[in-house]
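Below you'll find the structure, written out as structure tokens, and then a few comments.
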Amino acid sequence: MCGIVGYIGNNAVADVLLDGLKSLEYRGYDSAGIALNDNGGLDVFKAGGKLNNLFEVVSSNALKIKKPTSGIGHIRWATHGKATIQNAHPHLSNDGKLVLVHNGIIENYKELKAELEQEGFVFNSQTDTEVAVHVIDREYRKGCSLEQAVRQGVSLLSGAFAFCIMHKDEADCIIAVRKNAPLIIGLSDDENYIASDIPAVIGKVKKIIYLNDGEVAVVRKNNVEVTDLSGNLLNKKVEEIGFNPEVISKHGYKHFMLKEINEQPDILRKVLAQHIKASDLPVNLGQVKLKLDWQRIENISIIACGTSLHAAMVTKYVWENWLGLPVQIEAASEYIYRKNTTGKNSLVIGISQSGETADTITAVKQAKEKSAQVLIVTNREDSSIVRYADSVLPLEAGIEISVAATKSYSAQLLAMYWLGLYVAEQKKTLQPAELGKIKQEMLELPAKMEEVLSNAENIKSVADKLQAYKSVIYIARGSNQASALEGALKLKEISYINANGYAAGELKHGPIALLDENMPVIAVLAQGETYAKMLSNCEEVKARNAKLIAVTSVKDKHADNLFDDILRVPEIREDLSPLLLNIPLQLLAYYLADGLGREVDQPRNLAKSVTVE
Ligand code: M6R
């Protein structure tokens with residue numbers, strides 16, 4: 001949610017900033033802006049809408065740009081104030097000398113704004129951010145150093161922030177500071193970078209420093225000094241960047257989403273190679289260090305948002321079956337505002353692709369405060385959420401750029417499957433023969449997934465037929481209830497078609513009233529206890545003249561006539577089937593959205609990491 005960058009060095013500053021923002025575009029695209037410090041003046045360029053508009057503004061002003069030595073940039077996901085140029089960052093102090101970019105939300109901005117206005121400060125935007133400019137400027141004008149002004153200014157702010165701050169009279173440095181929002185410093189010779197996330201510095205630097213909450217970095221061309229809010233010098237760990245530039249390339253695919261969908265079999269193979277080496281071998285923890293006291297655990301709560309919450313739904317279904325333990329799941333945004341029963345005998349699992357989702361972070365923080373054991377399942381071991389973890393289970397899916405989560409979902413399901421099997425083995429809740437069968441089917445998953453992906457053309461032709469519809473319903477039962485919800489979420493978020501997922505048995509309790517020839521229904525079917533009931537539900541749909549599409553792992557000639565279209569995946573046991581059945585649903589959403597000309601990787605109003613509550 002908003003991305004910020006900073007650069008100080010000898011390269012063309014504007015180009016470096018724009019390039020950094022390009023790789024952070026998944027964090028927001030309501031407006032963008034940069035500020036350039038050239039030792040004699042500050043130049044600020046802003047544009048509403050997508051980053052491309054800022055590229056145009058900068059190139060049409062190319063002649064005005066002198067030779068800046070440092071600069072900061074921002075890409076916005078609007079929270080306070082509409083997506084206008086006026087509200088675009090960077091924001092300037094009233095004397096035009098201090099400038100900053102912000103990611104986060106300043107919760108006490110109203111009180112501060114009233115106070116500052118009384119003192120004569122003039123506000124030029126509707127953002128919460130502008131109070132930060134003025135409180136820091138107020139301190140600076142009292143005569144303290146920029147660094148000290150930042151320390152004193154930010155101590156007045158509550159909420160979340162990552163800032164890059166520059167002053168016209170101090171062109172040799174950029175100040176970076178954070179609280180509850182990510183920020184890294186990229187280190188190189190004769191130049192240094194600041195960014196909200198690693199993609200902005202991949203291929204430019206090899207070493208980075210992760211800034212923690214309450215740390216202030218003074219970033220100069222040739223050195224970086226990090227202190228705490230009291231000014232004490234900190235000895236920060238310098239880490240190697242673990243990603244290569246390949247991960248932020250589309251590799252010839254039209255969109256990152258399509259590339260990421262196609263990466264899934266290889267991700268599965270890689271993860272399985274570490275944890276399930278053969279059907280007759282015990283589950284291997286590999287590099288994962290589980291520091292959990294299973295004897296103490298009386299209940300399990302899985303907390304997550306969006307797609308990660310759907311992975312939690314599948315987990316509940318599967319783990320209760322495999323482990324015989326009660327598993328609760330809850331949207332993090334709900335969990336944090338009620339008196340829940342989490343205690344010292346609880347295991348709380350936070351699932352988050354990004355590890356930066358504010359609601360999930362708050363939830364696991366609360367769980368930790370209640371002495372629960374906390375396991376974090378994330379694709380980003382370097383993210384903020386891991387601070388609250390007793391144990392971390394990395395997804396190993398590689399950086400996911402498209403706003404719509406695809407490969408991370410499959411990696412989440414796989415992680416929860418192998419971990420569930422590991423626990424079942426330890427607690428002996430599954431018979432060895434059953435364990436062997438499950439492992440064998442898991443090992444076959446990558447090849448089966450490849451088979452589904454090779455059927456993409458067929459999926460596209462079904463997607464083309466759905467383009468004319470305004471709404472779609474998804475139905476399923478059992479572990480695939482989550483597939484129905486996830487299929488619907490994927491479709492609505494990237495195509496803007498109204499899509500809703502239901503437990504198929506619930507259809508007759510209300511949603512069936514929506515059915516007619518204008519409401520296609522996508523039924524997700526797997527072999528198992530509820531298959532016959534699913535078919536009855538499909539008959540009920542058909543009787544209401546709705547177009548009916550099956551996404552199925554069941555070979556059943558008798559059922560074929562029921563459906564207008566059938567998207568098949570290879571046969572697979574019901575508990576593992578969400579991993580395969582989700583692939584046609586991802587592709588269906590992708591081709592529908594692309595066919596409608598939507599911006600697939602950057603759907604409107606969304607951002608990849610939701611860092612606000
Ligand atoms: O990074 P997280 O897994 O915590 O993100 C949670 C949701 O914001 C995310 O899954 C969102 O729903 C995606 N846009 C879905 O495609």
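- Note that CG of Leu413 is 8.0 Å distant from OG of Ser483, once rounded to the nearest 0.5 Å.
- Across Leu272 and Met442, no two heavy atoms sit closer than the pair CD1-O, 3.3 Å.
- Cation-pi geometry between Arg76 and Tyr29 is not met: the NZ or CZ atom fails to fall both under 6.0 Å from the ring centre and inside 45° of the normal.
- A donor and an acceptor atom, one from each side chain of Glu571 and Ser553, are nowhere located under 3.5 Å apart.
- With rounding to the nearest 0.5 Å, the separation of CD in Glu539 from CG in Leu548 is 9.0 Å.
- For Asp560, the salt bridge (Lys or Arg N to Asp or Glu O under 4.0 Å) partners are Arg568, not counting sequence neighbours.
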Does the pair Glu451 and Lys448 meet the rule for a salt bridge (Lys or Arg N to Asp or Glu O under 4.0 Å), with working shown? CA-CA 5 Å; Glu451 201 179 318; Lys448 289 185 176 178; over 6 Å; no

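- No donor-acceptor distance shorter than 3.5 angstrom exists from the side chain of Gln527 to the backbone of Val554, with no hydrogens or angles considered.
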Salt bridge (Lys or Arg N to Asp or Glu O under 4.0 Å) assessment of Lys437 paired with Glu441: CA-CA 6 Å; Lys437 277 191 211 155; Glu441 288 218 28; over 6 Å; no

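- For the residue pair Asp359/Tyr335, the side-chain donor-acceptor check at 3.5 Å is not satisfied.
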Test side chain to side chain donor-acceptor pair (under 3.5 Å) on Asn545 and Glu517 and set out the steps. CA-CA 5 Å; Asn545 298 324; Glu517 61 284 357; 4.6 Å; no

Kindly determine whether Glu486 and Tyr409 satisfy side chain to side chain contact (heavy atoms under 4.5 Å, CB included), including the steps that lead there. CA-CA 9 Å; Glu486 175 60 11; Tyr409 181 62; 3.9 Å; yes

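- Put simply, the side chain of Glu450 reaches to within 4.5 Å of the side chain of Arg269, judged on heavy atoms.
- Taking CD1 from Ile473 and NZ from Lys547, the interatomic distance works out to 15.0 Å, rounded to the nearest 0.5 Å.
- The number of heavy atoms from other shown groups lying within 6.0 Å of NZ (Lys270) is above 12.
- Atoms OG and CD1, on Ser308 and Ile329 in that order, are 12.0 Å from each other to the nearest 0.5 Å.
- Between the CD atom of Gln412 and the CD1 atom of Ile302 there is a distance of 11.0 Å, given to the nearest 0.5 Å.
- Looking only at side-chain heavy atoms (C-beta outward), Ile566 and Ile549 stay at 4.5 Å or farther from each other.
- Between Ala200 and Gly20 the shortest heavy-atom distance is CB-O, 3.7 Å.
- Side-chain contact between Glu25 and Leu21 is absent, with no heavy atoms from C-beta onward closer than 4.5 Å.
- What you find for Ala397 and Ala411 is that their closest heavy atoms are CB-CB, 3.8 Å.
- Atom NZ of Lys82 is surrounded by 12 or fewer heavy atoms from other residues, nucleotides or ligands within 6.0 Å.
- A salt bridge links Arg573 with Glu434: the distance from a Lys NZ or Arg NE/NH1/NH2 to an Asp or Glu carboxylate oxygen falls below 4.0 Å.
- Salt bridge annotation for Glu599-Lys50: present, with a cationic side-chain nitrogen under 4.0 angstrom from a carboxylate oxygen.
- In this structure, Lys492 and Ile497 have side chains that are not in contact, with every pair of non-hydrogen atoms separated by 4.5 Å or more.
- Between Met313 and Leu485, the closest side-chain pair of non-hydrogen atoms falls below 4.5 Å.
- Proximity of a side-chain donor or acceptor of Asp197 to a complementary backbone N or O of Gly3 within less than 3.5 Å is not detected.
- A salt bridge is absent between Lys460 and Glu457: the closest approach of a Lys/Arg side-chain nitrogen to an acidic carboxylate oxygen does not fall below 4.0 angstrom.
- By the ring pair (Phe, Tyr, Trp, His ring centres under 6.0 Å) test, Trp418 is found to be paired with His275, residues two or more places apart in sequence or in another chain being considered.
- No side-chain heavy atom of Arg544 sits less than 4.5 Å from a side-chain heavy atom of Met519.
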Could you go through Thr406 and Lys490, starting from their C-alpha distance and side-chain angles, then the distance that decides it, and tell me whether this counts as side chain to side chain donor-acceptor pair (under 3.5 Å)? CA-CA 9 Å; Thr406 54; Lys490 219 82 309 171; over 6 Å; no

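- Considering Asn480, Val551, Leu585, Leu489 in turn, Leu585 is the only one that fulfils the side-chain contact (heavy atoms from CB on, under 4.5 Å) rule with Tyr474.
- Lys542 NZ: more than 12 foreign heavy atoms inside a 6.0 Å radius.
- The pair Arg598-Asp594 does not meet the salt-bridge criterion, since no charged nitrogen lies less than 4.0 angstrom from a carboxylate oxygen.
- Side-chain atoms of Glu574 and Tyr317 form a donor-acceptor pair, as typed in the model, at a separation below 3.5 Å.
- Heavy-atom minimum distance, Ile376 versus Ala389: CG1-CB, 3.4 Å.
- Although no hydrogens or angles enter the test, the distance criterion places a donor-acceptor pair under 3.5 Å between the side chain of Asp601 and the main chain of Met257.
- We find that Glu334 and Arg338 are not joined by a salt bridge, their nearest charged nitrogen and carboxylate oxygen being 4.0 Å or further apart.
- Gln328 places no side-chain N or O within 3.5 Å of a backbone atom of Ile300 that could act as its donor or acceptor partner.
- Looking at every heavy atom in both residues, Asp30 comes nearest to Ala78 through OD2-N, 2.7 Å.
- In this structure, Leu466 CG and Leu592 CG are separated by 5.5 Å, a value rounded to the nearest 0.5 Å.
- Using modelled atom types, one finds no donor on one side chain facing an acceptor on the other under 3.5 Å when comparing Thr127 with Asn87.
- Surrounding NE2 of His509 are more than 12 heavy atoms belonging to other residues, nucleotides or ligands, all under 6.0 Å away.
- The residue from Arg380, Lys608, Lys407 that alone fulfils the side chain to side chain donor-acceptor pair (under 3.5 Å) condition with Glu400 is Lys608.
- Side chain to side chain, Trp322 and Asp575 meet the donor-acceptor criterion of an N or O pair below 3.5 Å.
- Ser384 and Ile361 get closest at one heavy-atom pair: CB-CD1, 3.8 Å.
- Side-chain contact between Pro603 and Val600: absent, with no pair of heavy atoms (C-beta onward) separated by less than 4.5 Å.
- Under the 3.5 Å distance criterion, the side-chain polar atoms of Ser23 are matched with a main-chain donor or acceptor of Asp19.
- The backbone N or O of Val348 lies less than 3.5 Å from no partner atom in the side chain of Ser346, so there is not a single donor-acceptor pair.
- A donor-acceptor contact closer than 3.5 angstrom links the side chains of Glu540 and Asn537.
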Any chance you could lay out the side chain to side chain contact (heavy atoms under 4.5 Å, CB included) test for Leu443 and Ile276, step after step, and finish with the verdict? CA-CA 8 Å; Leu443 290 167; Ile276 301 195; 4.1 Å; yes

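- Applying the ring pair (Phe, Tyr, Trp, His ring centres under 6.0 Å) definition to pairs two or more places apart or across chains, those involving residues 563-612 are His255-Tyr590.
- Looking at Pro570 and Leu580, their side chains come closer than 4.5 Å, going by heavy atoms from C-beta outward.
- Screening Asp266, Ile261, Asn262 against Gln264 for a side-chain contact (heavy atoms from CB on, under 4.5 Å) leaves a single residue, Ile261.
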